[in-house]
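This report concerns only the one structure given below.
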Amino acid sequence: GGSAQAAPGRNYVPDDAFTSSRTQWWRDAHFGMFMHFGLYSAYRGEYTRPDGTVCRDAEWIERQCAIPAATYEAKAASFNPSSFDASAVIGAAKAAGQKYLVITAKHHDGFAMWPTAVNNWNIRDRTPFKRDILAELAVAARAQGVKLGFYYSIWDWHDPDAQPGGSNYAAYVTRMKAQVRELLTNYGDIAVMWFDGEWEAPWTAQQGAQLEDYVRTLSPGTIVNNRVGTRGIADGDFGTPEQEIPATPADGQLWESCMTVNDHWGFAAYDTNYKSSATLTRNLVGIAASSGNYLLNVGPDERGVIPSTAVSRLAGVGTWLNTNGAAVYGAGYTGLVSKPSWGVVSRNGNRLYASVYNWPSSGTPLHLTARAPFTITGARVLANGAAVSVTASGDGYDLRPSGSAPDSTASVIALDITPT
Ligand code: FHN
């Protein structure tokens, strides 16, 4: 989003993110991995209070379970995710068909998951784990062709100057920018800065504009989300609906829906409610057909390992994409047809991709209602090339695929079209 002139006090002139070459790879990718991994992961989602009662949460556990600061800080001494394997993490994203990874470099607890020089509240200074997992991810991501992004929380529960009513918030903002500089300059090209926690005062729209400027100046190629500011259309490059697929995405803004693979962002051992591969795939297809992105989250455990169920559910999406990826990658909103009852239609150039969830019984047609004139010059099932007969019918076309559905999640019919 963003108008084509710099706002007062800003030297960054927003481009149009919809058409910018900077966002082209992101718009074509449609699918990324979100990863919430931090000191909170060490609790595995449960904290036993001194009185013996058990409190459950994930990445908010310090706050939600009112863990005393000294107790939470002491937890770092036993946090040692020695099983973290960056190649395996990137490999899981790649197997899922996710083209980028956004990892929590710093969540609201303020704990830096990299050896920051800005303070000593970080994984190198406070834990027995002396590796730099962001550096390891940067190497693995580059090796496997997956782009790397960082989540960074503006809200900080630990920095004394970041607290409500603090007398020197400016000092915190200076430290925040120093950390953002580390993230953008120490790990190679960073594809995305995913800010969060902007809703807590005293952060202001003006500070957001200045932080966005700072990122753009340091790393012009980095894509920024709208939570850098106050989630306005002109803030950053894309909107960030959460745990939902917007029925009508906001005009004037690229958008990315972030969702969890189970019910929590950070690891919670008790949360076994993982979404099926079919649900995850249909979420992705629906989002891509509305020209959005899907940032699907996994939460590694205290050892740094992504739960195997999460990995396998994601792999199911990747298997579907291996056959039907043309319906997603580089595809988007069609505008030519009304949303059908039997599935979703996306468009890539002069090809429509009808992802059919409810395959018709033999002889019953799938009706495609045209909203603008076009002709269909050919149609076949993507998975097996099976012919699909097409006849003009009423306000559109009837499609009659032969044979049974090749995929229970969604079978894609590719339609060659000529807009008239
Ligand atoms: O408070 C955070 C939450 O822990 C999580 O990081 C999500 C992910 O988008 N963002 C905030 C809630 O909107």
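Because the structure is predicted, anything quoted here is derived from the model rather than measured.
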Trace of the salt bridge (charged side-chain N to carboxylate O under 4.0 Å, His left out) decision for Asp416 with Arg380: CA-CA 9 Å; Asp416 297 313; Arg380 72 208 149 285; 3.4 Å; yes

Output the distance between atom OH (Tyr100) and atom CZ (Phe34), rounded to the nearest 0.5 Å. 10.0 Å

Salt bridge present between Asp301 and Arg303 (N-O < 4.0 angstrom): yes

Rounded to the nearest 0.5 angstrom, the CG-CD1 distance for Asn324 and Ile413 is 11.0 Å

Mutual orientation of the aromatic rings belonging to Trp199 and His108 [parallel < 30°, tilted 30-60°, perpendicular > 60°]: perpendicular

Verify the neighbour count for atom CZ of Arg131: are there more than 12 heavy atoms of other residues, nucleotides or ligands below 6.0 Å? yes

Nearest 0.5 Å, what's the CG-OG distance between Asn358 and Ser341? 7.0 Å

For the residue pair Lys99 and Trp25, would you count it as a cation-pi contact if the rule is NZ or CZ under 6.0 angstrom from the ring centre and within 45 degrees of the ring axis? no

Give the table of side-chain donor-acceptor pairs shorter than 3.5 Å for residues 77-93, with sequence neighbours excluded, one pair per line with atom names and distance.
residue, atom, partner, partner atom, Å
Ser78, OG, Lys75, O, 3.0
Asp85, OD1, Ser87, N, 3.0
Asp85, OD1, Ala88, N, 3.1

Results of disulfide bond (SG atoms under 2.5 Å apart) for Cys65 - residues two or more places apart only: Cys55

Salt-bridge test for Arg175 and Asp156: reply yes if a basic N is under 4.0 Å from a carboxylate O, no otherwise. no

I need the minimum non-hydrogen distance between Phe18 and Gly252, along with the two atoms involved. CE1-C, 3.4 Å

Where do Pro115 and Tyr187 come nearest, in terms of heavy atoms and distance? CD-OH, 3.8 Å

Candidate pair Trp157 and Glu62, rule side chain to side chain donor-acceptor pair (under 3.5 Å), full reasoning: CA-CA 9 Å; Trp157 300 336; Glu62 181 189 11; over 6 Å; no

Classify the angle between the aromatic ring planes of Tyr47 and Tyr43 as parallel (below 30°), tilted (30 to 60°) or perpendicular (above 60°). perpendicular

Between Phe238 and Trp26, does the ring centroid distance fall short of 6.0 Å? yes

Closest non-hydrogen atom pair, Trp255 against Pro241: CE3-CG, 3.9 Å

Against His264, only a single residue in Asp271, Asn273, Asp57, Asn297 fulfils side-chain hydrogen bond (donor to acceptor under 3.5 Å, both in side chains); can you say which? Asp271

Would you say the ring centroid of Tyr151 lies under 6.0 angstrom from that of His107? yes

NZ/NE/NH1/NH2 to OD/OE distance under 4.0 Å, Glu46 and Arg56: yes

Enter the distance from Phe111:CZ to Thr104:OG1 here, rounded to the nearest 0.5 Å. 11.0 Å

Between Trp359 (side chain only) and Asp407 (backbone N and O only), is there a donor and an acceptor less than 3.5 Å apart? no

State whether Tyr353 and Arg347 meet the cation-pi test: NZ (Lys) or CZ (Arg) under 6.0 Å from the six-membered ring centroid, and within 45° of the perpendicular axis. no

Could you check whether any side-chain heavy atom of Thr127 comes within less than 4.5 Å of a side-chain heavy atom of Leu39, counting everything from C-beta outward? no

In terms of the angle between their ring planes, are Tyr72 and Trp121 parallel, tilted or perpendicular, with boundaries placed at 30° and 60°? tilted

Shortest non-hydrogen pair, Arg371 vs Ser338, comes out as CG-OG, 3.2 Å

Charged N to carboxylate O under 4.0 angstrom, Asp237 versus Arg216? yes

Side chains of Asn262 and Lys275 in contact at under 4.5 Å (non-hydrogen atoms): no

Gln98 side chain to Gly32 main-chain N or O, any donor-acceptor pair under 3.5 Å? yes

Heavy-atom pair with the smallest gap, counting every atom of Tyr333 and Ser291: N-OG, 2.8 Å

How many angstroms lie between atom CD1 of Ile376 and atom CG of Asn350, to the nearest 0.5 angstrom? 12.0 Å

Using ring-ring contact (aromatic ring centres under 6.0 Å, His included) as the criterion, point out the one residue from Tyr294, Tyr329, Trp320 that pairs with Phe31. Tyr294

Starting at CG of Asp132, measure out to CG of Asn186 and round the result to the nearest 0.5 Å. 8.5 Å

Taking atom CG of Asp189 as the centre, report whether more than 12 heavy atoms of other residues, nucleotides or ligands fall under 6.0 Å from it. no

